[in-house]
Amino acid sequence: MLILFICLAAVTALGIPYRLGWKWELSGKEHPLRFFYGTAALLLDLFMKIRRERFVPGDAELIDSLQKLNGRNRVQAEWYFFHVKRITTVLLGLLAAAGLAALLLMTGETQQLTTAERPNAGESAEAITAVLEAEDETEQISLVLSPVQLTETEVTDLFEQAMRIAWEEVLGENESLDSVRYPLNLVDSVTVEAFSVQTSWSWDCEDALEYDGTPTGISEKTEGTLYLTLTWEDRTRECEAAICVLPTEEETAALADLLQKYLDEENIYDKEIALPEELDGEAIALYSVEDSNWLYVFLIGVAAATFLWFRPKSALKEELKRRDAELQRDYSEIVLRIALLQEAGMSLANAWERLVVSYENKRRGNSYMLKEMLLALRKMQNGMSEVQAFIEFGKRCGGAKFARLSGLLEQNVRRGNRGFAELLYREAEDAMQEEKNNLRRRGEELDSKLLLPMGILLVLVMALVLVPAFSSMNGW
């Protein structure tokens with residue numbers, strides 16, 4: 001991981017001087033990461049040079065979106081900045097993730113072990129991983145710590161408690177062993193605190209009890225003896241009770257083996273065991289192996305970098321949605337103002353230019369409608385026919401409304417102004433009515449979305465009113 005971080009840092013540092021003058025001409029507010037743009041620009045230029053293509057393959061949709069958002073056809077600079085920003089963000093994300101993972105990996109230093117803790121008595125053996133360092137060798141090994149052993153007094157107490165529980169459990173539905181009418185509950189084990197003691201049962205009245213402790217249905221009372229054998233680890237304890245059945249109603253490996261043997265035999269009655277500093281005449285040292293979670297941090301960083309790579313395109317799609325919504329919102333106003341200027345005797349080209357100037361003064365250049373109208377005006381000023389400019393304007397804006405408007409404008413250029421204003425007024429009226437319908441529909445959708453929160457509030461209010469009322473009634 002440290003090597004990966006060094007490689008990423010080296011690539012980033014080597015690319016910083018690339019296009020140095022070009023970077024500092026950019027606005028720091030719009031390009032806060034411009035200091036690292038050199039590396040991204042270098043990688044992008046190398047990729048394009050290898051592919052021998054002007055644009056990255058598969059970017060037709062991106063180019064079309066950038067053209068719509070910027071209001072012009074030539075968007076090479078915007079396309080280049082878009083990819084430079086993406087590469088810079090992803091590269092810095094990976095660099096940060098690799099650096100943090102390497103830091104965690106390095107700071108998770110091992111420490112020499114002088115003691116080891118056994119599991120509590122009754123628990124399972126615990127495996128530990130350690131680094132074994134001898135005079136001329138180092139190897140990671142796995143050891144097993146057996147649990148703390150009970151003393152003889154503790155074992156006696158354990159068997160006594162287990163015996164008492166077993167005699168209670170074996171009764172089942174019977175009141176006592178002196179009057180056995182129902183099947184015995186021949187449990188396989190009993191639990192005393194954290195210890196599981198195995199049990200086995202036998203009896204000398206086979207004609208009265210089946211193998212599973214069920215009475216055979218004898219016709220007269222049968223007396224006998226019930227034997228209980230308790231087993232815990234390698235120790236056993238036997239007891240009995242009278243019963244009456246009633247009628248039915250390598251070297252390193254060698255060192256590891258020696259260390260394991262030491263753990264199995266040394267201080268087995270103590271919770272903490274001191275680890276040896278010497279085995280078989282050779283000095284040894286044990287070090288803990290800690291997990292610093294560096295891999296998880298790096299994977300999270302990779303996931304974040306992946307998100308940062310795809311996020312700009314999703315943001316671009318959201319911006320296109322806002323653009324389309326703004327164009328639809330400004331449509332009726334544009335149509336109405338063109339109609340008013342036409343009725344005032346102004347030609348279509350002059351009316352178009354007048355609207356562009358008006359939008360520049362009103363919106364200060366931030367309107368998408370202004371960008372599209374300004375692009376169409378510049379095309380006409382550069383020699384493109386008005387018909388072709390209006391057709392392209394309708395295509396760039398998109399939607400049935402702008403297709404109708406471009407058709408009306410084309411019809412005006414070809415056939416003159418007769419009846420043109422009336423058509424525009426009718427189109428503006430239809431557009432405003434359609435916008436009202438859309439607003440009404442969006443309002444109904446919002447109302448339906450508010451039903452659930454309103455229902456929850458109603459339930460809460462009813463609970464606040466009814467709960468105290470019922471509480472006071474119960475108290476009365």
- Task: For the residue pair Ser314 and Arg311, establish whether any side-chain heavy-atom pair is separated by less than 4.5 Å.
- Result: yes
- Please test Asp207 against Thr216 for side chain to side chain contact (heavy atoms under 4.5 Å, CB included), starting from the C-alpha separation and ending with a verdict. CA-CA 7 Å; Asp207 55 339; Thr216 58; 5.8 Å; no
- Closest heavy-atom pair, Pro215 versus Val245, reported as atoms and distance to 0.1 Å, is CB-CG1, 4.3 Å
- Query: Going by atom types only, do Asp264 and Gln260 share a side-chain donor-acceptor pair under 3.5 Å?
  - Reply: yes
- Does a sphere of radius 6.0 Å around CD in Glu277 hold more than 12 heavy atoms from other residues, nucleotides or ligands, not counting ones at 6.0 Å or beyond? no
- Message: Can you tell me how far apart CD (Gln198) and CD (Glu233) are? Round to the nearest 0.5 Å.
- Response: 11.5 Å
- Message: Under the rule for side chain to side chain contact (heavy atoms under 4.5 Å, CB included), what residues qualify as partners of Leu43, not counting sequence neighbours?
- Response: Thr39, Ile87
- Query: How far does OG1 of Thr153 sit from CG of Leu158, to the nearest 0.5 angstrom?
  - Reply: 12.5 Å
- Salt bridge between Glu318 and Lys313, side-chain N to carboxylate O under 4.0 Å? no
- Passes salt bridge (charged side-chain N to carboxylate O under 4.0 Å, His left out), Glu444 versus Lys449? Steps please. CA-CA 9 Å; Glu444 293 173 354; Lys449 291 180 179 179; over 6 Å; no
- Query: When you look at CD of Glu175, are more than 12 heavy atoms from neighbouring residues, nucleotides or ligands closer to it than 6.0 Å?
  - Reply: no
- More than 12 heavy atoms of other residues, nucleotides or ligands under 6.0 Å from CD of Glu173: is that the case? no
- Are the side chain of Thr214 and the backbone N or O of Pro183 linked by a donor-acceptor pair below 3.5 Å? no
- Salt-bridge present (Arg322, Glu319; N to O < 4.0 Å): yes
- Item | Side-chain (Ser332) to main-chain (Met432) donor-acceptor, under 3.5 angstrom | no
- Give the ring-plane orientation class for Trp309 versus His83, where under 30° counts as parallel, over 60° as perpendicular and anything between as tilted. tilted
- Message: I'd like to check Met454 versus Leu458 (side-chain heavy atoms, cut-off strictly below 4.5 Å). Are they in contact?
- Response: no
- Query: Nearest heavy-atom pair of Arg86 and Pro312: which atoms, and what distance?
  - Reply: CG-CG, 3.6 Å
- Item | Side-chain ion pair, Glu434 and Arg441, N-O less than 4.0 Å | no
- Task: Applying side chain to side chain contact (heavy atoms under 4.5 Å, CB included), run through Glu445 and Arg440 and close with a yes or a no.
- Result: CA-CA 9 Å; Glu445 292 176 355; Arg440 187 181 299 109; over 6 Å; no
- Message: Could you walk me through whether Ile268 and Val148 satisfy the side chain to side chain contact (heavy atoms under 4.5 Å, CB included) test, starting with their C-alpha distance in whole Å, then the side-chain angles of each, then the deciding distance to 0.1 Å, before giving a yes or no?
- Response: CA-CA 5 Å; Ile268 60 176; Val148 177; over 6 Å; no
- Query: Does Val84 offer a backbone N or O that forms a donor-acceptor pair with the side chain of Thr88 under 3.5 Å?
  - Reply: yes
- Pairwise side-chain contact, Asn185 with Leu171, heavy-atom cut-off 4.5 Å (strictly under): no
- Message: Within a 6.0 Å radius of atom CD on Glu278, are there more than 12 heavy atoms belonging to other residues, nucleotides or ligands?
- Response: yes
- Note on the structure: Between the CZ atom in Phe195 and the CZ atom in Phe159, the distance rounded to the nearest 0.5 Å is 11.5 Å
- Task: Report yes or no: does Glu154 contribute a side-chain atom to a donor-acceptor pair with the main-chain N or O of Thr151 at less than 3.5 Å?
- Result: yes
- Message: Contact between Met369 and Gln328 at the side-chain level, heavy atoms closer than 4.5 Å - yes or no?
- Response: no
- Message: Please find the pair of heavy atoms, one from Ala241 and one from Trp167, that lie closest to each other, and give the distance.
- Response: CB-CH2, 3.6 Å
- Thr129 side chain near Ile141 side chain, heavy-atom distance below 4.5 Å: no
- Message: Please check if the number of heavy atoms outside Lys271 that lie under 6.0 Å from its NZ is greater than 12.
- Response: yes
- Task: To the nearest 0.5 angstrom, please state how far the CD atom of Glu240 sits from the CG atom of Leu228.
- Result: 10.5 Å
- Within the distance-only criterion (no hydrogens, no angle test), does the side chain of Ser189 pair as donor or acceptor with the backbone N or O of Ser196 below 3.5 angstrom? no
- Task: Would you sort out whether Tyr227 and Trp201 count as a side chain to side chain contact (heavy atoms under 4.5 Å, CB included), showing the intermediate values?
- Result: CA-CA 6 Å; Tyr227 302 98; Trp201 306 87; over 6 Å; no
- Heavy-atom distance under 4.5 Å between the side chains of Glu372 and Arg323, does that happen here? yes
- Query: Counting N and O atoms only, with roles assigned by atom type, does the side chain of Arg118 sit under 3.5 Å from a partner on the main chain of Ser146, one being a donor and the other an acceptor?
  - Reply: yes
- Message: Using modelled atom types and a 3.5 Å cut-off, is there a donor and acceptor pairing between side-chain atoms of Thr231 and backbone atoms of Thr236?
- Response: no
- Item | Residues which pass side chain to side chain contact (heavy atoms under 4.5 Å, CB included) with Glu266, listed by chain and number, not counting sequence neighbours | Tyr262, Ile273
- Any sub-3.5 Å donor-acceptor pair from Asn174's side-chain atoms to Arg181's backbone N or O? yes
- At their closest point, which heavy atom of Leu209 faces which heavy atom of Leu184, and how far apart are they? CD1-CD1, 3.9 Å
- Query: Taking the side chain from Lys221 and the backbone from Cys244, do they hold a donor-acceptor pair closer than 3.5 Å?
  - Reply: no
- Task: Specify the closest pair of heavy atoms between Ile243 and Cys205, including all atoms of both residues, with the distance to one decimal.
- Result: CG2-SG, 4.2 Å
- Task: Quick one: closest heavy-atom pair of Thr191 and Ile165, and the distance?
- Result: O-CD1, 3.8 Å
- Note on the structure: Here the gap from Ile128 atom CD1 to Glu117 atom CD, rounded to the nearest 0.5 Å, amounts to 11.0 Å
- How many angstroms lie between CG in Leu145 and CG in Leu263, if you round to the nearest 0.5 Å? 5.0 Å
